[in-house]
Each structure stands twice: as structure tokens, then as C-alpha cells.
> 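I have a structure here, written as C-alpha cells, and I will follow up with some questions on it.
Bear in mind the structure is a predicted one, so any value in this text is a computation, not a measurement. Start at 1 and go down the list; that is how both ligands and their atoms are numbered.
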Amino acid sequence: MAIMRIAVIGAGAMGSLFGSRLAAVAPVVLVNHRKAHSDAINAEGLVVEGLDGSRRVHRLAAVSDPQTLSGPFDLAIIFTKSGQTRAAAATADRLLAPAGVALSLQNGLGNREVLAEVLGAGRALVGVTAQGATLVGPGCVRHAGDGPTWIARLGPDDRVAAAVCSLFNAAGIQTELADDPDRLVWGKLIVNVGINALAALLRVPNGVLAAEPACERLMAQAVAEAVAVAHARGIDLPYPDPLAHVRAVCRRTAENRASMLQDVLRGAPTEVAVINGAIVRLASEVGLAVPCNTFLTTLIAALEATAAFRCS
Ligand code: NAD
């Protein structure tokens, strides 16, 4: 499959970063509801602040209203927050060629299932990425972390996932193929379960969570509950000691502000429903008690709901 045209749907921080790279090897359009971001990119280009402090301007097209776009596209990369995946999938359905595919690299559980419902399972690719990005302002993103990206094959002979993987590597996004989508998604989910809600509630960068014993006790309980749910569902996690893995991620990203912390600080909805909330939902299906994840999910929901009344 030759990738001819790519639409990045939900081109905020991560979508803009990936779009800027991919534009070097294929025609890319960034689709983003934030009109100010799209307008700035069309007028001045997309500025990407690199990990080394460099600033590069990338010329590529952006739209805020996908109705103004005409297809067909071969690949739609879905990079909205998980709450908007269904709307993004509907846009992908309209823009994609009949053989075109969508790829979710979002966090949280359930994005692949939503894409499969809307587009068909054979057109719904999923992956995870250790890349990180922050939206600095309209038309400007900061590359906040580097790391590999994985894409799950749809089956042993999946040439589409292989073509997307090659394209990403050609664009300088280090990417590998994997066989088991659940292993990929749960591997990342457990990390987010251990870090995100705690970082958002305590308002601390990731490194603090692994350095303070009281934080670590909460992290250990949230992770243990999630691992129990994963095991009950027969998920084969990609690392032998999940808590040690989460701690290692905290240390490696010590200065980072988790995305849920960033959401809470700017008063935006969080993805707790598809992270700790997903553990709560799935635990009830298999009869497991997950008190720590239940508490964290409820506390984040309460934090979001009371943002306007916060005392300083
Ligand atoms: P973001 O909020 O910066 O970007 C999402 C963008 O989607 C927003 O600009 C919003 O306007 C746009 N949008 C919402 N609904 C839309 C729709 N229907 N059509 C078009 N655009 C729409 O979010 P982000 O930080 O880039 O994260 C995106 C996803 O990637 C999340 O699932 C997140 O958990 C995951 N992720 C983020 C990072 C990171 O470092 N930021 C790292 C790994 C994974």
C-alpha cells in the first residue's frame, strides 16, 4: 500500500508533532477544531520547538472545519483526546478512501473499539507512542519527550500496518510493529493508571511520585489493581514487573507534567474515564474490587466539576 495522503484528526500537541514529521515524506493535512491553531499554521507555518531548544518552521496545511476538506485520504491518524474519538472516527469515515485506514496512538482503553465500530475492524489500527508534546500556543508545539512508537498488525500478513510503520520510520519517527494490540494498549494503560491521576491530584511532576514513599504506596495499589484486572482478562503485559516499570517511567520522565495534570491545570476535561475509570468498569465485569482506582476516578471527576470554585 502506498500512502498518498494523510489526515491528522485532532492535531493538537501530538498530532501537530507527528504531522510535522510526516509532512517530509507524504502530503499531510492537520485537522483541528481549534481555529486559532489552524489559522496560525496556514499563515506562518507550524513552529516545532525541538528537545534541543531548536525552532523549526514546517509548512503544511491545516483546517478547523473538516467539511471543507475533500478526500480521499489513505491514512487518518487519530490524535484527539479519547472523549472525542467517535467524532474523529466519523470524520475519518468521510475522508478515507474505501481501502484507507485509521490509526489511533491515543492513551486510554477503547479507542480501537470505537474506530472498529465506525470504520470496521479491518480499517482500525492501534498503537502506542513514547513521544511527548505540549501545545505552546496557536501554531506552536514543543517536542517534550522522545521514545519509540509501536503499531499493532491487524494480522500476520498485514501489509497496511507495515506500510504505515515504514512511512513513520522514513519520517524519522522510530516505529516498530507488534502482534498483540491488547498487550500494547494495556502496557501503556498501566503506566497511565500509576502516574496520571496521582500527578494531577498532587500537582507534581512525574519524578516526585517515585521518590515519595506515600505517593509510591498509592501508585503501588493503583497499579496492582489494574494488573489484577489485566490478568483476569488474560492480557499478557509487556514487562515482568509492572510497578518497577511504572517507577522507571517516573524516573525517566522526572521533570514531565503528566497530561492529566496539564488538563487539570488548564481546566480541560481529563481522560480519567478511559484510564482509571476503565479499570473500575472492567473490574466490576470480573467481580474484582478496585478501591484505589475507584477513589482516584471519583476524585478526578470531582476536581474537574469543582474547578470554577477552587480557592487559591
Ligand atoms: P491535545 O488536546 O493537545 O490535542 C487534541 C486536539 O484535538 C485539540 O486541539 C482539539 O481541538 C482537537 N479536537 C477535538 N475534537 C476534534 C474533532 N472531532 N476533530 C478535529 N479535532 C478535534 O491532546 P494531546 O496532548 O495531543 O493528546 C492527544 C492524545 O494523545 C491523547 O489521547 C493523549 O493521552 C495521547 N498522548 C499524549 C501525549 C502528550 O505528550 N501530549 C503523549 C502520548 C499520548
Side-chain angles (χ1 to χ4, degrees), residues 7-20 29-41 46 48-49 51 62-69 76-95 102-112 114-115 118 126-150 173 184-185 187-189 191-193 195-197 199-200 205-206 249 253 255-278:
V8 182
I9 303 176
M14 291 295 279
S16 298
L17 176 72
F18 275 66
S20 71
V29 178
L30 302 180
V31 183
N32 188 329
H33 277 175
R34 274 183 216 167
K35 192 171 181 310
H37 188 52
S38 302
D39 287 351
I41 293 168
L46 171 67
V48 178
E49 295 181 0
L51 286 166
V63 299
S64 51
D65 178 3
Q67 297 293 337
T68 60
L69 270 182
I77 304 176
I78 310 296
F79 253 137
T80 61
K81 295 282 185 164
S82 297
Q84 286 83 50
T85 302
R86 192 169 291 280
T91 300
D93 193 27
R94 202 177 62 71
L95 293 178
L103 166 66
S104 163
L105 293 172
Q106 301 151 286
N107 283 329
L109 216 55
N111 294 302
R112 175 169 59 112
V114 171
L115 292 186
V118 176
V126 73
V128 296
T129 183
Q131 296 283 352
T134 309
L135 199 60
V136 178
C140 183
V141 292
R142 180 176 303 135
H143 189 191
D146 202 6
T149 297
W150 291 269
I173 304 166
L184 279 187
V185 171
K188 184 90 188 278
L189 178 73
V191 172
N192 289 326
V193 162
I195 295 178
N196 276 18
N206 295 353
V249 173
T253 61
E255 304 302 321
N256 280 15
R257 290 179 170 194
S259 59
M260 204 174 290
L261 170 58
Q262 292 185 39
D263 290 338
V264 164
L265 291 177
R266 65 189 160 105
T270 74
E271 292 181 303
V272 73
V274 293
I275 299 176
N276 307 81

> Within the structure, does Ala87 bring an N/O atom to less than 3.5 angstrom of an N/O atom in ligand 1?
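Looking only at distances, the answer is no, because the N/O contact criterion of under 3.5 Å is not met.
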
> Which is closest to atom 3 (O) of ligand 1 in terms of heavy atoms, Gly10, Ser38, Ala88, Ala13?
Ala13

> Once you restrict to heavy atoms under 4.0 Å, what part of Lys188 touches ligand 1? Side chain, backbone, both or neither.
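Within the 4.0 Å criterion, Lys188 contacts ligand 1 through side-chain atoms alone.
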
> Could you tell me which atoms of ligand 1, counted from 1 in the order shown, lie closer than 4.0 angstrom to a heavy atom of Gln84?
14 (C), 15 (N)

> Counting from 1, what ligand 1 atoms have a heavy atom of Glu271 closer than 4.0 Å?
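This gives 31 (C), 32 (O), 33 (C), 34 (O) as the contact atoms.
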
> Can you pull out every salt bridge (charged side-chain N to carboxylate O under 4.0 Å, His left out) where at least one residue sits in residues 130-144? Sequence neighbours excluded, please.
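Matches after skipping sequence neighbours: Glu49-Arg142.
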
> Let me confirm one number: the NZ-CH2 distance from Lys188 to Trp150, rounded to the nearest 0.5 Å.
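CH2 of Trp150 is found 9.0 Å from NZ of Lys188.
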
> Hey, looking at atom 13 (N) of ligand 1, which of Val63, Thr80, Val31 has the closest heavy atom?
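That would be Thr80.
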
> With atoms numbered from 1 as shown, which atoms in ligand 1 lie under 4.0 angstrom from a non-hydrogen atom of Gly132?
40 (O)

> Give the intermediate values and the outcome of side-chain hydrogen bond (donor to acceptor under 3.5 Å, both in side chains) for residues Asn107 and Glu271.
CA-CA 8 Å; Asn107 283 329; Glu271 292 181 303; 4.8 Å; no

> By number and element, which atoms of ligand 1 are closer than 4.0 Å to a non-hydrogen atom of Gln131?
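Within the 4.0 Å cut-off of Gln131, ligand 1 contributes 42 (C), 43 (C).
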
> With heavy atoms only and a cut-off of under 4.0 Å, state how Ala133 meets ligand 1: side chain, backbone, both or neither.
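Ala133 to ligand 1: backbone contact only, side chain stays beyond 4.0 Å.
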
> Kindly write out the residues that satisfy salt bridge (charged side-chain N to carboxylate O under 4.0 Å, His left out) with Lys81, not counting sequence neighbours, or none if the list is empty.
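For Lys81 the salt bridge (charged side-chain N to carboxylate O under 4.0 Å, His left out) partners, ignoring immediate neighbours, are Asp263.
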
